[in-house]
Amino acid sequence: MVENSSSGLSLFSLLARDWTLEDEVTETVFNHDDTGVLFRSRSGKLALASTKDAESPKIRTRMDLETGRTTIRPRENAVSPLRIAEVTAHTDLPATRFGTQGFAVVDLDGAVQQVTGGGNVVLRLKPDSTGVTSLCSSVSGNVLALARQGRIVLYDTDDMQVQAEIGLDHPVTCQAYSADAQALAAWGGNTLSVIDVQSPTAAPQVFECGGNITEISWRKSGSHLSCASADNSFYVINRTTGTAQRVEDFPTPVRNTAFSETGNALVASGAFRLVGWDCSDLPENDLPGTPLTTGKAGFVAISVIAAHPERSLVASGYANGLVTIASIGTSQEMMLHHENATEVSSICWSKTGEHLAIGYTSGKVAIVTFPAQMFK
């Protein structure tokens, strides 16, 4: 267990760098190589922070060889300020990865802009008469999928050459690439289409999927997807059996679902505790599946969640500003931080799980960096 070496300082104070933006933070995104994170606010302003830190907790952590006790000394200098990009993003469209270090956003005029790791802005696509309705990128950031109603165009982010054009029978407002970038899920008009990117002219696999889908998550194997919905429900999609199972009656909107590969689980936000299912028996054909009890039940709903990429852990952000990290399928739970008078509005792990980015409705943002000893 890591302890602080200065009386009165919380673990969060020792591990985190934090800043305050002018309005609510709606999204946090790490770039592909984990060197930076972008925070998008409700007004469309974009702020960037580097994961590099001259006083990283890794540097300030010491282990006593005799006792085995690990301590973290306090930070001595102020953290570097955020970089503000000179562009205002469209507030209804997400930011996504662009290349290894950058990001892509759609500005207020409908143009696609690259935001580099250093905060510079580069025009990549001029506005079109048909506005962008959705965008996403492959995990590596080397392919950008841009939807304009029912038409999707795939671009190589190196030179913005068109790789493929796909026409669907429904509009597209939410997309997600599979982990291997071989398939693209596109939702809109109560329909989910799963496209074989290697054969883009082939008919997609289609599922009826109602509600208001705001996020799509893939299982790494590509066999399943989960679709979070603002109408207090989510869908479990089984591509092998061709079924779509709605899981409903959550007390609040389900903003995030996630597959934990290490924990062999599917987890979701929107309830008064972290809810999850064993991936060996997910809800299907109106059967409930095998639930997993994780963490502790409370009286405040979980707003957002993020599954650790390498460990059987889930970070949860609550409507009262609490952030916890729980071990899947157990009651073990660590309170990381409680920010008063605000709600956790976004949360995201870096690719390796070394960093956790957090955004709040108050405008506060933070990057928490965990020493290697933290989760042993």
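Computed from a predicted model, the values in this text were never measured in an experiment. Index from 1, following the sequence.
- Counting only distance, with no hydrogens or angles, the side chain of Asn238 and the backbone of Thr240 share a donor-acceptor pair below 3.5 Å.
- No side-chain donor-acceptor contact under 3.5 Å links His337 and Ser10.
- Separation of atoms CG (Asp18) and CD (Glu339) is listed at 7.5 Å; rounding is to 0.5 Å.
- With hydrogens and angles disregarded, no donor-acceptor distance shorter than 3.5 Å links the side chain of Thr28 to the backbone of Ser346.
- Val344 and Arg255 make their closest contact through O-NH1, 4.4 Å (heavy atoms, listed as atom of the first residue, atom of the second, distance).
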Given the rule in the side-chain contact (heavy atoms from CB on, under 4.5 Å) test, do Thr330 and Thr294 qualify, once you have shown the distances and angles that lead to the verdict?
CA-CA 5 Å; Thr330 77; Thr294 301; 5.9 Å; no
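- Hydrophobic clustering places Ile216 together with Ile237 (ILVMFWY residues linked when any side-chain heavy atoms are closer than 4.5 Å, directly or through intermediates).
- Looking at every heavy atom in both residues, Ala95 comes nearest to Glu27 through N-OE1, 2.9 Å.
- Remark: side-chain polar atoms of Arg273 are paired, donor with acceptor, to backbone N or O of Gly295 under 3.5 angstrom.
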Passes ring pair (Phe, Tyr, Trp, His ring centres under 6.0 Å), Phe207 versus Trp187? Steps please.
CA-CA 9 Å; Phe207 301 87; Trp187 180 88; over 10 Å; no
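- Here the straight-line distance linking atom CD of Gln245 with atom SG of Cys209 works out to 11.5 Å at 0.5 Å rounding.
- Here OG of Ser327 is found 11.5 Å from CE of Met334. Values are rounded to the nearest 0.5 Å.
- The closest side-chain donor-acceptor pair between Asn320 and Glu343, if any, does not fall under 3.5 angstrom.
- Shown here is Lys351, whose NZ atom has more than 12 heavy atoms of other residues, nucleotides or ligands within 6.0 Å.
- Taking all atoms of both residues into account, the shortest heavy-atom contact from Gly270 to Thr252 is O-OG1, 2.9 Å.
- For the pair Glu55 and Arg60, the salt-bridge criterion is not met [side-chain N within less than 4.0 Å of a carboxylate O].
- Ionic pairing of Asp231 and Arg246 is present here: one or more N-O contacts between side-chain nitrogen and carboxylate oxygen are shorter than 4.0 angstrom.
- Relative ring orientation between Phe259 and His224 is described as tilted, the plane-to-plane angle lying within the 30° to 60° band.
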The test is side-chain hydrogen bond (donor to acceptor under 3.5 Å, both in side chains); show your working for Ser193 and His170 and say whether it passes.
CA-CA 9 Å; Ser193 293; His170 60 86; 2.7 Å; yes
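- With respect to Arg73 and Glu76, a salt bridge is recorded, a charged nitrogen being found less than 4.0 Å from a carboxylate O.
- Connection of Phe103 to Leu144 is not established within any shared hydrophobic cluster, with ILVMFWY side chains joined at heavy-atom distances below 4.5 Å, either directly or through further cluster members.
- Checking side-chain atoms of Thr51 against main-chain N and O of Asp34 turns up a donor-acceptor pair under 3.5 Å.
- Distance check, rounded to the nearest 0.5 Å: OG of Ser350 to CD1 of Ile367 gives 9.5 Å.
- Asn31 and Thr100 share no side-chain donor-acceptor pair at under 3.5 Å.
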Audit row: Val112, Leu146, side-chain contact (heavy atoms from CB on, under 4.5 Å) steps and yes/no:
CA-CA 9 Å; Val112 177; Leu146 202 72; 4.0 Å; yes
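- Side chain to side chain, Thr342 and Thr361 meet the donor-acceptor criterion of an N or O pair below 3.5 Å.
- The backbone N or O of Ile305 sits less than 3.5 Å from a side-chain atom of Asn256, completing a donor-acceptor pair.
- When all heavy atoms of Leu192 and Ala185 are compared, the closest pair comes out as CD1-CB, 4.1 Å.
- Of the possible donor and acceptor atoms, one in the side chain of Ser217 sits under 3.5 Å from a partner among the backbone N and O of Thr257.
- No donor-acceptor pair closer than 3.5 Å links the side chain of Tyr360 to the backbone N or O of Ala341.
- Using modelled atom types and a 3.5 Å distance limit, the side chains of Gln101 and Thr35 yield no donor-acceptor pair.
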Start with the C-alpha distance between Val37 and Val365, add both sets of side-chain angles, then the distance that settles side-chain contact (heavy atoms from CB on, under 4.5 Å), and finish with yes or no.
CA-CA 11 Å; Val37 61; Val365 296; over 6 Å; no
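- Remark: the backbone N or O of Asn212 is paired with a side-chain donor or acceptor of Ser229 at under 3.5 angstrom.
- In the model, His32 has no side-chain atom that pairs as donor or acceptor with a side-chain atom of Ser140 under 3.5 Å.
- Looking only at atom types and distance, the side chain of Thr290 has no donor-acceptor partner in the side chain of Asp278 under 3.5 Å away.
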Apply salt bridge (Lys or Arg N to Asp or Glu O under 4.0 Å) to Arg151 and Glu165, showing your working.
CA-CA 7 Å; Arg151 177 173 170 263; Glu165 295 188 40; 3.0 Å; yes
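- No chain of hydrophobic side-chain contacts below 4.5 Å, direct or via other Ile, Leu, Val, Met, Phe, Trp or Tyr residues, connects Leu38 to Val106.
- Distance check, rounded to the nearest 0.5 Å: CD1 of Ile328 to CZ of Arg311 gives 13.0 Å.
- Separation of atoms CG (Asn142) and OG (Ser137) is listed at 8.5 Å; rounding is to 0.5 Å.
- Note on ring orientation: taking the six-membered ring where Trp is involved, the planes of Phe234 and Phe250 are perpendicular (angle over 60°, cut-offs 30° and 60°).
- Of all heavy-atom pairs spanning Leu82 and Ala49, the tightest one is CD2-CB, 3.5 Å.
- Using a 3.5 Å distance cut-off with no hydrogens or angles, the side chains of Glu284 and Thr243 do pair a donor with an acceptor.
- With hydrophobic clusters built from ILVMFWY side chains whose heavy atoms lie under 4.5 angstrom apart, Leu48 does not share a cluster with Val122.
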Could you list the donor-acceptor pairs under 3.5 angstrom formed by side chains in residues 128-135, with sequence neighbours left out?
from   : atom 1 : to     : atom 2 : distance (Å)
Asp128 : OD1    : Thr130 : N      : 2.8
Thr133 : OG1    : Ala147 : O      : 3.2
Thr133 : OG1    : Gln149 : N      : 3.1
Thr133 : OG1    : Val172 : O      : 2.6
Ser134 : OG     : Gln175 : NE2    : 3.1

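- With hydrogens and angles disregarded, no donor-acceptor distance shorter than 3.5 Å links the side chain of Ser260 to the backbone of Ser312.
- Closest approach of Ala181 and Ser138 over heavy atoms only: CB-CB, 4.1 Å.
- Salt bridge status for Glu22 with Lys45: present, with a side-chain N to carboxylate O gap under 4.0 Å.
- In the hydrophobic clustering of ILVMFWY residues, with side-chain heavy atoms under 4.5 Å counting as a link, Ile302 and Val323 come out apart.
- In this structure, Glu208 places its CD atom where only 12 or fewer heavy-atom neighbours from other residues, nucleotides or ligands lie under 6.0 Å away.
- A donor-acceptor pair is defined here as one N or O able to donate and one able to accept, closer than 3.5 Å; no such pair exists between the side chain of Ser50 and the backbone of Gly36.
- By the salt bridge (Lys or Arg N to Asp or Glu O under 4.0 Å) test, Glu310 pairs with no residue at all, sequence neighbours left out.
- A donor and an acceptor atom, one from each side chain of Gln113 and Asp107, are located under 3.5 Å apart.
- The closest side-chain donor-acceptor pair between Ser41 and Asp23 falls under 3.5 angstrom.
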